[in-house]
Amino acid sequence: VCDVGERMFFFYVGIDAILEQMRRKAMKQGFELNIMIVGQSGLGKSTLMNTLFKSKVSRKSVVSTPEERIPKTIEIKSISHDIEEKGVRMKLTVIDTPGFGDHINNENCWQPIMKFINDQYEQYLQEEININRKKRIPDSRVHCCMYFIPPTGHCLRPLDVEFMSRLSKVVNIVPVIAKADTLTLEERDFFKQTIREGLRANGIDVYPQEEFDEDSDDRMINDKIREMIPFAVVGSNQEYQVNGKRLLGRKTKWGTIEVENIAHCEFAHLRDLLIRTHMQNIKDITSSIHYEVYRVRRLNETGAQPNAQPPNTLVNPQPQQANGVAAQHQVLTHEM
């Protein structure tokens with residue numbers, strides 16, 4: 001601003017150009033998203049992930065076996081994909097947990113999953129505190145855990161409560177009711193309300209956490225999401241002709257359940273949360289809240305000594321097997 005007598009001259013500085021600079025840099029680097037899926041077998045976890053990203057991104061879609069065995073212990077298996085849409089590149093890693101909740105005795109079945117999540121924090125921490133650290137640290141931290149609840153129509157099981165109580169402290173949990181088309185609309189609404197009451201009664205804070213709302217606008221948006229939790233979803237890889245349009249859905253004797261129709265299920269709301277509206281916030285909370293808690297605790301324990309191994313936690317970044325946890329990893333490429 002230049003003041004000459006009573007005249008004011010305004011000159012354009014160009015501060016707003018920073019947005020375009022940030023966009024170009026982000027487009028060049030690409031994005032990363034790591035999603036863990038947890039739930040017992042037969043709940044459609046793989047199908048839902050394929051439906052979310054309109055690609056075969058699930059482990060079962062890529063590693064096909066004649067007969068899917070139930071592992072004796074929980075196995076942690078991750079598979080990465082390079083997905084591109086309209087010039088935007090994203091490395092998506094889907095972390096599966098076959099064996100969870102599939103046994104007669106499921107006591108402490110949350111422990112291998114907790115260990116895996118902490119191992120990723122430890123791996124990131126060791127890279128971060130290296131003297132000659134990488135310019136861009138590979139991020140294998142779990143950004144979101146989708147927890148699949150069976151459509152029983154009753155209430156949360158002790159296994160559900162135990163898992164979400166413990167894991168919600170270290171990762172963003174998004175609960176979903178799997179195969180929601182097996183419930184009537186009345187049963188679905190009652191089940192959702194019962195689950196929300198169960199979460200509140202047990203002090204379980206799922207994503208989006210109320211304490212992390214940044215302002216009144218955030219709170220208004222997130223309150224609407226919290227009212228929808230858990231998301232009642234249906235997944236499908238099949239397309240059907242409905243009113244002259246090809247739509248993803250499930251065909252029954254009574255008609256076609258349209259996956260992306262919000263009158264039929266809440267898949268569209270879940271997709272918007274994970275991808276279109278809250279993806280960056282999910283990653284920010286992972287980095288600034290969950291990882292930060294782990295980082296502070298570990299640095300206090302070790303006195304910031306690089307490569308100090310945490311108690312009962314593997315630091316080796318290679319595929320691991322310890323305490324009944326097998327971590328496997330593959331990389332694939334997809335274009336949308």
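Heavy-atom basis, side chains included; hydrogens, waters and symmetry copies ignored. Just so it is clear, the structure is predicted and the values come from calculations on it, not from any experiment. For this chain, numbers begin at 1 and follow the sequence in order.
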- request: State plainly whether the residues Arg295 and Glu292 are in salt-bridge range, i.e. N to O under 4.0 Å.
  value: yes
message: With a sphere of 6.0 Å drawn around CD of Gln241, does it hold more than 12 non-hydrogen atoms of other residues, nucleotides or ligands?
response: yes
message: As an exercise, state the distance from SG of Cys145 to CD1 of Ile113, rounded to the nearest 0.5 Å.
response: 7.0 Å
task: State the CG-CD1 distance between Leu92 and Ile35, to the nearest 0.5 angstrom.
output: 6.0 Å
- prompt: Any side-chain donor paired with an acceptor under 3.5 Å for Glu162 and Asn106?
  reply: no
Partner of Tyr291 under side-chain hydrogen bond (donor to acceptor under 3.5 Å, both in side chains), chosen from Arg141, Gln120, Glu128: Glu128
message: Taking salt bridge (charged side-chain N to carboxylate O under 4.0 Å, His left out) as the definition, give me every residue that meets it alongside Arg276, ordered by chain and number, with sequence neighbours left out.
response: Asp272
field: Spatial distance of atom CG (Asp218) from atom CG (Asn281) [nearest 0.5 Å]
entry: 7.0 Å
- request: Kindly work out whether a path of hydrophobic side-chain contacts (I/L/V/M/F/W/Y, heavy atoms less than 4.5 Å apart) joins Met228 to Ile195.
  value: yes
Polar contact flag, side-chain donor to acceptor under 3.5 angstrom, Asn172-His143: no
message: Tell me whether Leu167 shares a hydrophobic cluster with Val293, the cluster being built from Ile, Leu, Val, Met, Phe, Trp, Tyr side chains joined at under 4.5 Å.
response: no
message: Checking Asp102 against Ser41: is there a side-chain donor and acceptor pair closer than 3.5 Å?
response: yes
- line: Tightest non-hydrogen contact, residues Ile129 and Leu299, listed as CG2-CD2, 4.5 Å
query: Should the pair Arg219-Asp215 be classified as a salt bridge under the 4.0 Å nitrogen-to-oxygen rule?
result: no
task: For this output row, return yes or no: ring centroids of Tyr207 and Phe212 closer than 6.0 angstrom.
output: no
- prompt: Distance only, no hydrogens: is a donor on one side chain within 3.5 Å (strictly under) of an acceptor on the other, for Glu122 and Asn118?
  reply: no
Single-linkage hydrophobic cluster Val233~Tyr240, side-chain heavy atoms < 4.5 angstrom: no
query: What residues join Val13 in its hydrophobic cluster, counting side-chain heavy atom gaps under 4.5 Å, either direct or through other members?
result: Ile15
- line: Here the gap from Met114 atom CE to Lys169 atom NZ, rounded to the nearest 0.5 Å, amounts to 8.0 Å
- request: Return the minimal non-hydrogen interatomic distance between Asp205 and Ser168, and the atom names on each side.
  value: O-CB, 3.7 Å
field: Salt-bridge contact Asp223-Arg226 (side-chain N to carboxylate O under 4.0 Å)
entry: yes
task: Applying salt bridge (charged side-chain N to carboxylate O under 4.0 Å, His left out), run through Asp82 and Arg89 and close with a yes or a no.
output: CA-CA 7 Å; Asp82 291 318; Arg89 292 179 297 106; over 6 Å; no
- prompt: Residues two or more places apart in sequence or in another chain: which of them pass side chain to side chain contact (heavy atoms under 4.5 Å, CB included) with Thr51?
  reply: Thr47, Asn237, Leu248, Val259, Phe267
- line: Applied to residues 175-199, the ring-ring contact (aromatic ring centres under 6.0 Å, His included) test, sequence neighbours excluded, yields none
Rounded distance [0.5 Å steps], CG in Leu156 versus CG in Leu199: 5.5 Å
task: Please examine the side chains of Arg136 and Gln29, heavy atoms only from C-beta on, and report whether any two atoms are closer than 4.5 Å.
output: yes
- prompt: Which other residues end up in the same hydrophobic cluster as Leu247, if Ile, Leu, Val, Met, Phe, Trp and Tyr are linked when side-chain heavy atoms come under 4.5 Å apart?
  reply: Val242
query: Any luck finding a side-chain donor-acceptor pair between Gln193 and Glu197 under 3.5 Å?
result: yes
- prompt: Linking I/L/V/M/F/W/Y whenever their side-chain heavy atoms sit closer than 4.5 Å, directly or via other members, would Leu183 and Leu185 fall into one cluster?
  reply: no
message: Suppose clustering is done on Ile, Leu, Val, Met, Phe, Trp and Tyr with side-chain heavy atoms closer than 4.5 Å. Which residues sit in the same group as Ile262?
response: none
- prompt: Between Ser80 and Thr93, is any side-chain donor less than 3.5 angstrom from a side-chain acceptor?
  reply: yes
query: Once you round to the nearest 0.5 Å, how far does CG of Asp96 lie from CD1 of Ile79?
result: 10.0 Å
- prompt: Going through the checks in order, is the side-chain contact (heavy atoms from CB on, under 4.5 Å) test met by Lys45 and Leu48?
  reply: CA-CA 5 Å; Lys45 301 187 296 295; Leu48 184 67; over 6 Å; no
- prompt: When the ring planes of Phe100 and Phe163 are compared, do they come out parallel, tilted or perpendicular, using 30° and 60° as the limits?
  reply: perpendicular
Glu239/Arg246 ion pair, N-O < 4.0 Å: yes
query: Is Lys54 salt-bridged to Glu260, cutoff N-O under 4.0 Å?
result: yes
